[in-house]
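Note that ligands are numbered from 1 as they come in the structure, with each ligand's atoms numbered from 1 the same way. For reference, positions follow the sequence shown, starting with 1.
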Amino acid sequence: MRKIKLGKSDLRVSEIALGCMRMSELDTNDAKKVIETAHNEGINFYDHADIYGKGESEVRFKEALKKTSINRNEILLQSKIGIRAGFYDFSKEHIISSVEGSLKRLGTDYLDTLLLHRPDTLVEPEEVAEAFDQLHSSGKVKHFGVSNHSPLQIELLKKYVNQELIANQLQFGVMHTGMVDAGINVNTKDGNAIDHDRAVLDYSRLNDMTIQPWSPVHGEKGVFLNNPDYKKVNDKLSEVGEKYGLDNEAMSISWILRHPAQMQVILGTMTPERIKNYSKATNIRMTRKEWYDIYSAAGNSIP
Ligand SMILES: NC(=O)c1ccc[n+]([C@@H]2O[C@H](COP(=O)([O-])OP(=O)(O)OC[C@H]3O[C@@H](n4cnc5c(N)ncnc54)[C@H](OP(=O)(O)O)[C@@H]3O)[C@@H](O)[C@H]2O)c1
């Protein structure tokens with residue numbers, strides 16, 4: 001599997017990462033199979049959050065990893081913090097205690113990356129900076145980033161935070177394209193010209209921040225792959241995939257990776273066979289025309 005640089009850091013990460021949001025639903029043996037399959041496919045990056053399975057996903061990961069022969073230093077662990085029951089909390093105290101909770105549940109001394117999960121409008125960036133400094137100097141967190149943040153929210157943090165912000169985790173995929181729609185439709189009166197994402201794609205490229213697309217195979221009505229409500233786009237993905245020997249499922253991930261922003265897709269499947277199939281997505285590079293044909297088949301206008 002191809003590796004990319006994560007933001008301005010020196011981390012070499014697999015283009016596909018495994019999101020562990022649903023790992024608490026597995027028993028330890030099934031979780032072990034998932035981790036071993038991902039590892040064999042060249043996936044070296046695992047995404048967590050303190051809230052996944054109310055902490056149980058991180059625990060299951062620790063238990064399952066222990067049963068494999070994979071060493072901690074062969075993999076990169078990311079967790080996210082800041083979402084609480086009914087509110088957001090970027091206070092220094094909460095950031096530090098959440099990281100300590102994740103380290104304990106994951107059974108590790110350090111996180112490779114820590115993301116602020118979803119913006120806290122009551123954020124006091126000086127406090128975030130103090131928390132990051134403490135976590136960084138103690139070696140508990142190597143790198144920092146954000147999730148679901150707009151460019152100006154990132155700029156506000158950057159005014160105070162001393163470390164680089166290397167990644168922004170955002171929803172993106174064939175059926176969730178807001179990030180590219182506004183740019184494609186700029187200066188038209190089309191509704192797709194409305195910029196819900198505040199030019200975050202261009203901002204990320206300009207500032208060398210890696211976008212980590214989450215829920216990559218989801219549309220508004222759930223998983224869109226092989227879903228009759230999304231027949232046209234599935235047919236197009238299959239048609240283009242024939243040329244490359246990939247099915248529509250793998251092609252949906254290739255479509256994301258074809259974007260030159262060099263994104264790192266966060267896959268959420270807990271099915272080993274699907275992990276293997278999606279991993280084939282990194283072997284091909286579709287043409288520009290094929291990329292736009294898929295975008296169009298997903299119901300988007302090209303002015
Ligand atoms: N930052 C954020 O705000 C945020 C929000 C949500 C998620 N995330 C992260 O992103 C990761 C991925 O999110 P996600 O799990 O929603 O992503 P996803 O990969 O779009 O969806 C995974 C789900 O879809 C099912 N699925 C996958 N491929 C399928 C197919 N071909 N046919 C039928 N069902 C299929 C999986 O079932 P099986 O497991 O049975 O295969 C699983 O339930 C999470 O694990 C988490 O780490 C971040």
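- Using a 4.0 Å cutoff on heavy atoms, His48 does not count as a contact of ligand 1.
- For atom 28 (N) of ligand 1, the nearest protein heavy atom (residue, atom name, distance) is Tyr278 OH, 2.7 Å.
- Residue Gly268 holds the heavy atom nearest to atom 22 (C) of ligand 1 of all those in Gly219, Gly268, Pro272.
- Counting all heavy atoms, side chain and backbone alike, Asn234 lies closest to Leu225 at OD1-CA, 3.4 Å.
- Residue Leu170 does not touch ligand 1, judged by heavy-atom distances below 4.0 Å.
- The residue Gln171 has no part lying near ligand 1, judged by heavy-atom distances below 4.0 Å.
- Side-chain N or O atoms of Thr287 include one that pairs as donor or acceptor with a backbone N or O of Glu290 at under 3.5 Å.
- Near Met21, meaning under 4.0 Å from one of its heavy atoms, ligand 1 places the atoms 6 (C), 7 (C), 15 (O), 16 (O), 44 (C), 45 (O), 46 (C).
- Residue contact check for ligand 1: Asn226 places no non-hydrogen atom closer than 4.0 Å to it.
- What you find for Ile75 and Leu77 is that their closest heavy atoms are CD1-CD2, 3.9 Å.
- Scanning all protein heavy atoms for the shortest distance to atom 36 (C) of ligand 1 gives Thr269 CA, 4.1 Å.
- Using a 4.0 Å cut-off between a side-chain N of Lys or Arg and a carboxylate O of Asp or Glu, Glu56 and Arg60 qualify as a salt bridge.
- Which parts of ligand 1 touch Lys80 is read off a 4.0 Å heavy-atom cut-off, strictly below it: atoms 1 (N).
- Counting heavy atoms from C-beta on, the side chains of Met286 and Ile294 come closer than 4.5 Å.
- With respect to atom 24 (O) of ligand 1, the closest heavy atom belonging to the protein is Val223 CG2, 3.4 Å.
- Protein heavy atom at the shortest distance from atom 10 (O) of ligand 1 is Trp214 CB, 3.3 Å.
- The side chain to side chain contact (heavy atoms under 4.5 Å, CB included) test with Gln134 is passed by exactly one of Ile95, Val141, Ile96, Val99: Ile96.
- In this structure, the protein non-hydrogen atom closest to atom 46 (C) of ligand 1 is Tyr52 OH, 3.3 Å.
- By the criterion of a heavy-atom distance under 4.0 Å, both the backbone and the side chain of Ile266 are placed next to ligand 1.
- Remark: the Ser102 side chain and the Asp50 side chain contain no N/O donor-acceptor pair separated by less than 3.5 Å.
- Looking at atom 48 (C) of ligand 1, its nearest protein heavy atom turns out to be Gln169 OE1, 3.1 Å.
- Both the sub-6.0 Å distance and the 45° axial angle are satisfied by Arg72 relative to the ring of Tyr110.
- When non-hydrogen atoms are compared, ligand 1 lies under 4.0 Å from neither the backbone nor the side chain of Ala49.
- Ring pair Phe172/Trp255: centre-to-centre distance below 6.0 Å.
- Nearest protein heavy-atom contact of atom 14 (P) of ligand 1 is Arg22 NH2, 3.4 Å.
- The heavy atom nearest to atom 32 (N) of ligand 1, out of those in Arg274, Met23, Glu249, is found in Arg274.
- Under the 6.0 Å cut-off for aromatic ring centres, His218 and Phe224 do not qualify, their centroids lying 6.0 Å or more apart.
- By the 4.5 Å heavy-atom criterion applied to side chains, Trp214 and Asp47 are not counted as neighbours.
- Of the protein's non-hydrogen atoms, the one nearest atom 16 (O) of ligand 1 is Ser215 OG, 2.6 Å.
- With no hydrogens or angles considered, a side-chain donor-acceptor pair links Gln212 and Gln78 at under 3.5 Å.
- Geometrically, ligand 1 and Leu267 share no nitrogen or oxygen pair separated by less than 3.5 Å.
- Nearest-residue assignment for atom 39 (O) of ligand 1 (options Glu273, Met175, Met270, His117; heavy-atom criterion): Met270.
- Taking only non-hydrogen atoms, the option from Leu26, Thr271, Ile253 nearest to atom 38 (P) of ligand 1 is Thr271.
- Under a 4.0 Å criterion applied to the non-hydrogen atoms of Leu225, ligand 1 contributes the atoms 31 (N).
- Heavy-atom contacts from other residues, nucleotides or ligands closer than 6.0 Å to CZ of Arg198 number 12 or fewer.
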Could you go step by step and tell me if Glu155 and Lys158 meet the salt bridge (charged side-chain N to carboxylate O under 4.0 Å, His left out) rule? CA-CA 5 Å; Glu155 284 297 313; Lys158 276 167 81 169; 3.8 Å; yes

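- Under a 4.0 Å criterion applied to the non-hydrogen atoms of Cys20, ligand 1 contributes the atoms 45 (O), 47 (O).
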